[in-house]
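Numbers here simply count residues along the sequence, with the first being 1. The basis for the numbers below is simple: all heavy atoms, side chains too, and nothing from hydrogens, waters or symmetry mates.
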Amino acid sequence: IDTVGTDAINFGTEAAAKTITIGNDASTKVDINALAIELDSAAAMTLSSVGALDIDTVGTAAIDIGTQAAAKTITIGNDASTKVDVNALIVELDSAGTIITNSTTTTALTSGTTFDISSGGILSIDTVGTDAINFGTEAAAKTITIGNDASTKVDINALAIELDSA
């Protein structure tokens with residue numbers, strides 16, 4: 001189906017509820033080519049695949065998900081997903097509010113070089129219950145620094161304080 005010149009080709013444009021089907025479950029491929037492709041839905045939109053589902057751009061053009069200025073939840077993965085893998089030269093999490101990480105098992109943050117934790121307010125490191133808090137416990141020679149020459153106070157409170165030196 002084609003037209004002569006630049007006239008549009010319209011399918012299902014009558015203002016009536018209908019299903020428009022292109023292809024068949026047994027079709028090898030449905031190929032859509034154009035300078036721009038726009039998919040709009042007044043209700044939910046689902047992209048589904050029995051195999052891998054790849055979303056990408058050619059070259060360095062951005063891939064934007066959920067960038068409209070509207071309050072919404074953006075979900076990636078599912079509680080039953082094996083893994084959500086994020087790879088990049090830089091991974092940036094920005095929030096106008098709180099950033100929450102939850103894990104039902106071990107959570108590990110590892111850096112190949114310097115690792116900084118900084119806070120504009122109080123920085124609290126704690127455990128729930130009576131589990132220990134360990135700093136510098138790897139069996140390797142290292143300097144552990146608490147405070148700074150300009151610190152006004154280093155406050156240590158406990159029922160017992162033990163300082164060991166080899």
Side-chain angles (χ1 to χ4, degrees), residues 1-138 140 142:
I1 299 175
D2 203 349
T3 62
V4 176
T6 59
D7 291 339
I9 300 172
N10 299 310
F11 292 99
T13 56
E14 177 189 14
K18 63 185 85 186
T19 298
I20 301 169
T21 303
I22 300 173
N24 179 284
D25 288 344
S27 297
T28 305
K29 181 179 182 180
V30 175
D31 194 5
I32 301 173
N33 297 297
L35 294 175
I37 297 173
E38 180 177 337
L39 301 174
D40 294 322
S41 175
M45 180 181 292
T46 301
L47 295 176
S48 183
S49 173
V50 173
L53 178 61
D54 297 328
I55 299 174
D56 204 350
T57 61
V58 176
T60 58
I63 299 169
D64 299 322
I65 299 173
T67 56
Q68 178 191 30
K72 64 185 85 182
T73 298
I74 300 168
T75 302
I76 300 173
N78 179 282
D79 288 343
S81 296
T82 306
K83 181 180 182 180
V84 175
D85 197 6
V86 178
N87 297 294
L89 295 175
I90 297 172
V91 175
E92 180 177 345
L93 298 175
D94 293 328
S95 173
T98 304
I99 295 178
I100 299 171
T101 59
N102 290 319
S103 174
T104 56
T105 60
T106 303
T107 300
L109 299 173
T110 305
S111 174
T113 60
T114 303
F115 187 98
D116 291 328
I117 299 175
S118 183
S119 172
I122 295 172
L123 177 63
S124 297
I125 300 174
D126 207 345
T127 61
V128 176
T130 58
D131 292 326
I133 301 170
N134 299 314
F135 291 99
T137 57
E138 177 190 32
K142 63 185 83 187

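When every heavy atom of I55 is checked against every heavy atom of I63, the shortest pair comes out as O-CD1, 3.8 Å. Between D131 and V128, the shortest heavy-atom distance links the atoms OD2-O, 3.8 Å. Of all the heavy atoms in G77 and T75, the pair that sits closest is O-CG2, 3.6 Å. Taking both residues in full, the closest heavy atoms of A34 and I37 are given as CB-CG1, 4.1 Å, listed atom of the first, atom of the second, then distance. Between I9 and T3 the shortest heavy-atom distance is CG1-CG2, 3.7 Å. Shown here for S49 and L53, the closest heavy-atom pair between the two residues is CB-CB, 4.3 Å.
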### Message
Run the side chain to side chain contact (heavy atoms under 4.5 Å, CB included) test on I22 and F11 for me, step by step, so that the C-alpha distance in whole Å, both residues' side-chain angles and the decisive distance to 0.1 Å come before the verdict.
### Response
CA-CA 10 Å; I22 300 173; F11 292 99; over 6 Å; no
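Once rounded to the nearest 0.5 Å, the distance linking CD1 of I100 with CG of N102 reads 6.5 Å. Note: L93 CG to T101 OG1 = 9.5 Å, rounded to the nearest 0.5 Å.
Within 6.0 Å of CD1 in I99 there are more than 12 heavy atoms belonging to other residues, nucleotides or ligands. Counting non-hydrogen atoms of other residues, nucleotides and ligands closer than 6.0 Å to CG of D85 gives a total above 12.
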